[in-house]
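Every chain is numbered from 1 and lettered A, B, ... according to where its sequence line falls, protein lines coming before strand lines. Being a predicted model, the structure only gives us computed values, none of them experimental.
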Amino acid sequence: MTGTTAFWYASRATGIVALLLLTAVLVLGLLITRRGKLPGLPRFAVTGLHRNLSLLAVAFVAVHVLTAVLDTYVHIPLLSAVVPFASGYERLWLGLGAISLDLMLAMIITSLVRGHLNRVLWRAIHLLAYVSWPVALAHSIGSSKDLQHGPMLDMAIGCMVIVSLAVIWRLASAARQVPRAGRVADVMARHDTATRYTATRYGRTREEARR
Amino acid sequence: MTAVTAEDRTARTDPRTPGLPRLLPRTPEDLRAHLARHGRLPYRGHPGLLIGDVKAAGLTGRGGAAFPTYRKLAVVAQARGRPVAIANGAESEPASHKDALLLRTAPHLVLDGLQLAAEAVGAAEARLYLHRGASHEVLRALAERAAAGTDRLEVTVAEAPPRFLAGQETALVSRIDGGPALPRFGLPRVSERGVGGAPTLVQNVETLAHIALIARYGPRWFRAAGTAAEPGTMLATVYRPDGQCTVFEAAIGTPLRDMLPDLAGTQALLAGGFHGTWLAAPRAAQLTLDNETLRRHGASLGAGVLAALPPDRCGLGEAARVARYLAAESAGQCGPCFNGLPRIAAAMAELAGPKPRSRTRQDAERWAALVTGRGACHHPDGTVQFVRSALTVFAPELDAHQRGRCSASNRRPFLPLPDGMPATEEDWV
């Protein structure tokens, strides 16, 4: 690796990590329903993980874009990072990247100032994730020859499968949602069972607890 | 269950402050007695004119948030459309009785305030939002006023369900619009788009009663009691360590010891109610009844509930009971709230019992941090404030529980809590 190729490699590497992170962010976002749960993580912590990973993904995307611009092998104007189809090189695929980045920025900025926004507006903008991620994936596969075969292609397909499964889960969970008024009672009953189980280990015998 | 009967909720005032009581008469006043004491309603004749007086008086909202009243009035007055003015008498905190007492003994002061505030913002409608089975005194007062023709705007009564969040501003708007009393996200603000999309003024009934007095006697009179930063008097529901409950009208800035003489000998003070803060008793005994002082110790007045926990009760047990109640009262709309609060409540129940696991405390703290700021309304934040301060103040008790001991000799519950929890949509209507 020489000085001239360092930016290129950095751009490729951060691009792939960014794709994996964005996939994770999208899946976590899909899991944030009232029933979403990851093993070992409280339900409501999924939100925090989603938020932190999305900020990390943006950092990777930023490095990915900057290193691509700084790389001198092909000329990519900085403007083309945010203005779609402004690059002479790989006009279509880099244009998709710019679209995806713009949508991402809209989501990040509205989320950072969510407290000052109309809730409906925030949600409408956040739904752009379902456009942004497929566009980013198309950008990745289209602009990178080695993502079109071998283990890298398997990885891209793996991302698509995981996202599809998460979408199916989301739609299915929407179908079996507990009515609002019963939700708290539902959750409390679950925790009461857990508390009773704890009580059997600390103090009472199992027989007493069963009665 | 601690007996807190209606007879216990007697009005007391500090005799050392001259001119008190301002709000609470000794016995319920009818319209004739009210007019004999305070004179006719000083309508200003034009919207906006009263707002300057309210600003000069420095009145803050007495429903719990202590927001400057004039700013709310000004925003609603300037918003587009004909506003709706609402007196919020749905005192939803089970431990607070000050609004109920005010509506029973001085209903006309509240209704005067509603008329004057409605005039100040140029309201086209006036509503009175009350819990089912609210005192008949206020309904009789409305009839008296209709017969005497004192009111320029007719007041319609709306009913609040017996839910902790029913008095929350956005829940109130939803209920008055015919829906369930559920909070929604804060924007657009109720002051810009509330009932029926109209700009809506929601004021606590005590705030309105103060407005009625400011309109009559002026800002200077109002500032004769209280501190420079927080002028006036306030109503406080005080639980003495013997379980007796009294509503005080006190000048803001009054030493807490004056209302709770045996405070130093108690275990801890709960300031601000169930969304409030536990304070260690020796520290609380040095404090005064104002937000300026309390905020320095991480607490606030809220809607004015002060409860001194006697030394023979288990603070963790009390905190666990309240945490469970608050979890059950989650509206079930925001995931972090209705998944997180029951989990925190279950952790508190374990900590209140014998030999809790050592990691449960860290879990409760961690979960508390995760739900903070993640709700449409203040409910998760307020609940976490209560739980965290309990874990801090009752830390020695927690150590004892981990060794399998509890210092409490009296197992009877201290803080008042209603029975049952909401189960159907009907419970929110």
Side-chain angles (χ1 to χ4, degrees), chain A residues 28-38 40-52 110-124 126 173 177-204 209, chain B residues 163 180 182 184-189 193 320 324 326-350 352-357 360 363 366-376 380 401-402 404 420-429:
Chain A
L28 287 173
L30 283 161
L31 288 182
I32 301 176
T33 63
R34 299 179 174 106
R35 295 170 146 264
K37 171 122 176 73
L38 290 180
L41 203 61
R43 256 156 242 278
F44 46 96
V46 179
T47 321
L49 191 59
H50 170 74
R51 187 173 36 182
N52 291 339
T110 51
S111 293
L112 290 177
V113 297
R114 184 163 84 148
H116 304 277
L117 277 188
N118 182 327
R119 171 86 177 154
V120 179
L121 177 69
W122 172 84
R123 193 171 168 77
H126 224 70
S173 87
Q177 215 173 61
V178 180
R180 184 204 63 82
R183 270 177 215 149
V184 177
D186 186 49
V187 179
M188 299 222 12
R190 240 185 292 138
H191 284 300
D192 281 350
T193 317
T195 313
R196 263 198 298 282
Y197 175 67
T198 311
T200 61
R201 287 159 62 202
Y202 298 86
R204 278 180 286 164
Chain B
R163 298 269 71 82
L182 295 171
R184 62 157 164 79
F185 274 87
L187 293 172
R189 287 188 206 292
R193 289 192 59 183
R324 186 182 166 82
L326 292 173
E329 287 293 325
S330 164
Q333 299 187 117
C334 306
C337 180
F338 78 77
N339 284 316
L341 300 192
R343 201 177 177 118
I344 292 168
M348 291 300 286
E350 187 183 328
K355 298 219 170 172
R357 286 167 294 178
T360 303
D363 283 346
R366 198 160 48 88
W367 297 332
L370 283 170
V371 301
T372 304
R374 311 258 351 134
H401 282 208
Q402 271 166 347
M421 63 179 282
T424 70
E425 209 61 38
E426 295 302 298
D427 294 329
W428 292 85
V429 181

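- Arg324(B) places a side-chain heavy atom less than 4.5 Å from the side chain of Met188(A).
- Surrounding CZ of Arg119(A) are more than 12 heavy atoms belonging to other residues, nucleotides or ligands, all under 6.0 Å away.
- For a residue to count as touching a neighbouring chain, one of its non-hydrogen atoms must lie under 4.5 Å from one of that chain's; by this rule Leu182(B) touches chain A with the side chain only.
- Put simply, of Ala327(B), Pro422(B), Cys337(B), Pro180(B), the one with the most heavy-atom pairs under 4.5 Å next to chain A is Ala327(B).
- When heavy atoms are compared at a cutoff of 4.5 Å, Leu117(A) approaches chain B solely by way of its backbone atoms N, CA, C and O.
- A donor-acceptor contact shorter than 3.5 Å links the side chain of Arg180(A) to the backbone of Ala331(B).
- Interface remark: of the candidates Gly373(B), Pro188(B), Ala328(B), Gly353(B), Ala328(B) forms the most heavy-atom pairs closer than 4.5 Å to chain A.
- Phe338(B) and Val184(A) get closest at one heavy-atom pair: CB-CG2, 3.8 Å.
- Heavy atoms only, all atoms of each residue included: His191(A) and Asn339(B) are closest at NE2-O, 4.3 Å.
- Counted within 6.0 Å of CZ on Arg189(B), heavy atoms from surrounding residues, nucleotides or ligands total 12 or fewer; the atom is thus considered open.
- For Thr424(B), the part lying under 4.5 angstrom from a heavy atom of chain A is the backbone only.
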